[in-house]
Amino acid sequence: MLTTAPKGTKDVLPGESYQWHYIENIMREVCRVYGYDEIRLPTFEHTELFLRGVGDTTDVVQKEMYTFEDKGGRSITLKPEGTAGAARMFVEHALYNEALPKRLYYLNSAHFRYERPQAGRYREHHQFGVEVFGAPQSAIDAEVIMLAMAVLRRAGLPNLEVELNSIGCSKCRPAYSQALKEYLHAHEDELCGTCRERMERNPLRVLDCKVEGCKAVAAAAPKPVDYLCQECAAHFESLKAYLQMENVKFRVNPFIVRGLDYYTRTVFEILSPDLGAQSTVCGGGRYDGLIEAVGGPQVAGIGFGMGMERLLLALEKMNVDIPKPERVQLYVAPMGEEASLAAFDLVSRLRQAGVKAETDCVGRSLKAQLKYANKLDCAFVAVVGSDELAGGAWRVRDMMGGEETTRTPEEIFQMLTEATK
RNA sequence: GUGGAUAUAGCUUAGUUGGUUAAAGCGCCAGGUUGUGGCCCUGGAGAGCGUGGGUUCGAGUCCCACUAUUCACCCCA
């Protein structure tokens, strides 16, 4: 117990952190080009925020939140998703008074959901995500989807599928809900137990039930797309036109409705079909009513979340080549105390000059040091003993070929600092 | 929350029909010339077999429970 990480959590080991850096750099770089600014938000929020923002009928809120009372008697929840917190920040700091739209992103943001872990699903996972406030036009929907695709493509992920849907707005939703409920009532006996329950409260969710009987009912059910009001329909058409113009392949999937209540109009998912059961790498949509729901003015919003562990898992499954971290440029192998001091000094100078260098600090024999340097995959090893100290020239071994030259410490310093320039 | 699978050294595994001090490869450490790596050789450290019960003269090997891991459902990133 003591030496086991809690269920559903995962350590990033020293040999794998470079993979995170790889995707983080891509995310930052793509966001830079698209003009998105980074935000960092708290890991926990008042429980109330998620009840109001995400919706208290959703599975996420009802059964997956890590909620507890703090010592001051407040109900606190570790964030299960990122958008509600961003909306809260937007309202709290009155960012709607600044130039809109506000394009924002976050990464390595920890999210918590109490679920049974499995491949690509953790109780604590990290998301890269984007939120844009104050842009109701469909051009932003297209931009956000393209940004997500740009990140995934740059990371090297093949076989991506974009699935798109529109679930309408507060104007057209009631008529649709009505029609859907009537239809579902007529087919109630064909539905599974859960669907019969949620049919009243949250009928949309029946559409993506995976039970065979429900799938059959859902297949013939009224679709949100057929009930869109004129504005929503136009918005959706326009989004599709943007994507087509930019050659973003997508498929309209009338069954994606997403599990968070704040979505309006556009919802989308990006799938990596080779990922197994948890194939959604990225999911998001528009939330034009959320800012108001958390107490702000009426400001449109759209965003997505991308699972970083899932992206990494997909890259691994697809054997995507991630650039290895920089090797140690020089290992200095001293023999004797005096040599150790000289070695320490050269290494310090190299480090200050930005060269990745290392020397012995556990008193190993020369042979053992060379073995160690070999394991580290060092480019060069410099050997210093009493002879070298006396003559002023150290032996420098190229670990690739094995050939040795002699150079003064100053020459070694020059050689390596030149190389990094 | 539901269902299935698995649980032996740091890692990957072997452990015959239950029977002496639990085995191998990799990795780690040290040697194989008194100052030289990657190959090879030798030696060493390291598990008492997930935990707790039970059956038995005797269990890593059988039974039960628990826990953990894992895959799928559900949900979602």
Side-chain angles (χ1 to χ4, degrees), chain A residues 1-10 13 15 54 58-65 79-83 107-130 148 152 192-195 198 205 208-212 214 256-260 267 269-272 275-284 303-314 331 333-336 339 362 364-389 394-404:
Chain A
M1 254 334 230
L2 198 58
T3 52
T4 308
K7 196 184 184 80
T9 63
K10 195 170 172 288
L13 299 176
V54 177
T58 59
D59 283 359
V60 169
V61 169
Q62 278 191 331
K63 41 191 205 195
E64 296 178 357
M65 295 210 300
K79 62 181 168 194
E81 61 90 52
T83 302
L107 47 76
N108 285 335
S109 168
H111 292 75
F112 304 84
R113 287 181 206 165
Y114 191 83
E115 310 179 82
R116 279 283 275 277
Q118 67 186 73
R121 191 168 84 186
Y122 301 95
R123 286 185 175 178
E124 177 186 25
H125 76 280
H126 299 82
Q127 286 187 23
F128 159 62
V130 145
L152 296 171
C192 71
T194 8
C195 282
R198 62 187 170 196
R205 297 222 48 82
D208 73 3
C209 184
K210 305 297 186 297
V211 176
E212 280 309 319
C214 302
I256 30 174
V257 300
R258 315 281 311 151
L260 312 175
V267 288
E269 295 185 3
I270 302 176
L271 316 179
S272 176
L275 211 44
Q278 313 301 323
S279 60
T280 306
V281 209
C282 176
F304 67 74
M306 186 182 290
M308 298 183 69
E309 284 87 351
R310 266 187 206 177
L311 171 54
L312 254 7
L313 185 67
Y331 177 89
M335 284 168 291
V362 290
R364 269 194 263 249
S365 70
L366 176 61
K367 182 171 187 158
Q369 293 194 63
L370 277 154
K371 282 191 179 178
Y372 174 75
N374 185 243
K375 272 175 226 152
L376 286 196
D377 187 32
C378 294
F380 292 94
V381 170
V383 178
V384 215
S386 44
D387 295 353
E388 287 75 12
L389 245 25
W394 300 8
R395 310 189 67 87
V396 178
R397 172 180 278 249
D398 181 339
M399 295 299 275
M400 284 294 265
E403 56 279 0
E404 244 174 51

Quick note, T280(A) side chain, CB onward, closest among rG31(B), rG37(B), rA77(B) is rA77(B)
Counting only Watson-Crick pairs (N1-N3 plus N6-O4 or O6-N4) and G-U wobbles (N1-O2, O6-N3), all under 3.5 Å, who is the partner of rG60(B)?
none
Would you indicate what E269(A) reaches in the nucleic acid, counting non-hydrogen atoms under 4.0 angstrom: base, sugar-phosphate, or nothing?
nothing
rU2(B) -> Watson-Crick or G-U wobble partner, both distances under 3.5 Å, gives rA72(B)
Please state how far atom CD in E403(A) lies from atom C1' in rG37(B), giving the value in whole angstrom units.
14 Å
Using a 3.5 Å distance criterion without hydrogens, assess whether the side chain of R258(A) forms a donor-acceptor pair with backbone atoms of V267(A).
no
Determine the interatomic distance between P on rU12(B) and the same-named atom on rA45(B); round to the nearest Å.
23 Å
Hey, which of H126(A), Q127(A), K79(A) is the one that makes side-chain hydrogen bond (donor to acceptor under 3.5 Å, both in side chains) with S109(A)?
K79(A)
May I have the distance from Y372(A) (atom OH) to rG35(B) (atom P), rounded to whole angstrom?
22 Å
Base, sugar-phosphate, or nothing for R123(A), non-hydrogen atoms under 4.0 angstrom?
nothing
Lys/Arg N to Asp/Glu carboxylate O, E124(A) vs K10(A), below 4.0 Å:
no
If the glycosidic angle sits within 90 degrees of zero it is syn, else anti. Tell me which applies to rG48(B).
syn
Please give the distance between the P atoms of rA59(B) and rA22(B) as a whole number of Å.
13 Å
When you measure only distances, ignoring hydrogens and angles, does the side chain of E388(A) come within 3.5 Å of the base of rG35(B) through a donor and an acceptor?
yes
Can you see whether F380(A) has R397(A) sitting over its ring - NZ or CZ less than 6.0 Å from the centre and within 45° of the normal?
no
If we take the P atom in both rC40(B) and rG25(B), what is their distance in whole Å?
12 Å
rG15(B) versus rU55(B) - spacing of their C1' atoms, nearest Å:
22 Å
Figure out the CG/P separation between L376(A) and rG38(B), and round it to whole Å.
14 Å
Suppose you measure atom C1' in rU61(B) against the same atom in rC49(B); what distance do you get, rounded to whole Å?
10 Å
It should be established whether K375(A) places a side-chain nitrogen or oxygen under 4.0 Å from OP1 or OP2 of nucleotide rC29(B).
yes
Between the base of rC74(B) and the side chain of Q118(A), is there a donor-acceptor distance below 3.5 Å?
yes
Given rC71(B), is OP1 or OP2 found less than 4.0 Å from the side-chain N or O atoms of R121(A)?
no
With P as the reference atom in both, quote the distance from rG27(B) to rG38(B) in angstrom, rounded to an integer.
12 Å
Here's a test of your reading of the structure: between P117(A) and V383(A), which maps to the more 5' nucleotide of RNA chain B?
V383(A)
Evaluate whether the aromatic ring of H125(A) and the six-membered ring of the rA77(B) base sit under 5.5 Å apart, centre to centre, with an inclination under 30°.
yes
Does G402(A) reach a base, just sugar-phosphate, or nothing at all? Heavy atoms under 4.0 Å.
base
Taking a pair as Watson-Crick or G-U wobble with both distances under 3.5 Å, which nucleotide is matched to rU20(B)?
none
Between rC71(B) (C1') and K7(A) (NZ): distance, integer Å
13 Å
Distance between the P atoms of rU20(B) and rG1(B), in whole angstroms?
42 Å
Under 3.5 Å for both donor-acceptor distances, Watson-Crick or wobble: does rG35(B) have a partner, and if so which one?
none
Is there a side-chain polar atom (N or O) of K367(A) under 4.0 Å from OP1 or OP2 of rG32(B)?
no
When rounded to whole Å, the OH to P distance for the pair Y122(A) and rU69(B) reads 12 Å
Who is the Watson-Crick or G-U wobble partner of rA7(B), with both distances under 3.5 Å?
rU67(B)
With nearest nucleotide decided by heavy atoms, which residue, G401(A) or A368(A), maps closer to the 5′ end of RNA chain B?
A368(A)
With no angle test and no hydrogens, is the base of rG1(B) tied to the side chain of R116(A) by a donor-acceptor pair under 3.5 Å?
no
Atom OH of Y331(A) and atom C1' of rG38(B) are separated, to the nearest Å, by 16 Å
Nearest to the side chain of D59(A), which nucleotide is it out of rA77(B), rC75(B), rG35(B)?
rC75(B)
Counting any heavy atom closer than 4.0 Å, what does G120(A) reach on the DNA or RNA strands: base, sugar-phosphate only, or nothing?
base
Is a salt bridge present between E115(A) and R123(A), judged by a nitrogen-to-oxygen distance below 4.0 Å?
no
Figure out the CD/P separation between Q369(A) and rA30(B), and round it to whole Å.
10 Å
Sugar-phosphate only, base, or nothing, as touched by A373(A) at under 4.0 Å among non-hydrogen atoms
nothing
Examine F128(A) together with F304(A) and report whether their ring centres are nearer than 6.0 Å.
yes
No-H, no-angle donor-acceptor pair, N374(A) side chain to rG37(B) base, under 3.5 Å:
yes
Listed nucleotide nearest any side-chain atom of R310(A), set rC73(B), rG37(B), rA77(B):
rA77(B)
Regarding Y331(A) and Q369(A), is there a side-chain donor-to-acceptor distance under 3.5 Å anywhere?
yes
Regarding E81(A) and H111(A), do their side chains bring together a donor and an acceptor under 3.5 Å, going by distance alone?
no
How is Q278(A) classified with respect to the nucleic acid when contacts are heavy atoms under 4.0 Å: base, sugar-phosphate, or nothing?
base
Would you indicate which nucleotide in rA77(B), rC74(B), rA72(B) comes nearest to any side-chain atom of Q127(A)?
rA77(B)
Roughly how far apart, to the nearest Å, are rA68(B) and rC26(B) at atom P?
35 Å
Heavy atoms only, 4.0 Å cut-off, all strands: where does M308(A) land among base, sugar-phosphate and nothing?
nothing
Taking S272(A) for the side chain and L275(A) for the main chain, is one N or O donor matched with an acceptor at less than 3.5 Å?
no
Rounded distance in Å - CE (M335(A)) to C1' (rU34(B))
12 Å
Considering every strand and a 4.0 Å limit on heavy-atom distances, what is the contact class for C378(A): base, sugar-phosphate, or nothing?
nothing
Strand partner of rA30(B), provided both Watson-Crick or wobble distances fall under 3.5 Å:
rU42(B)
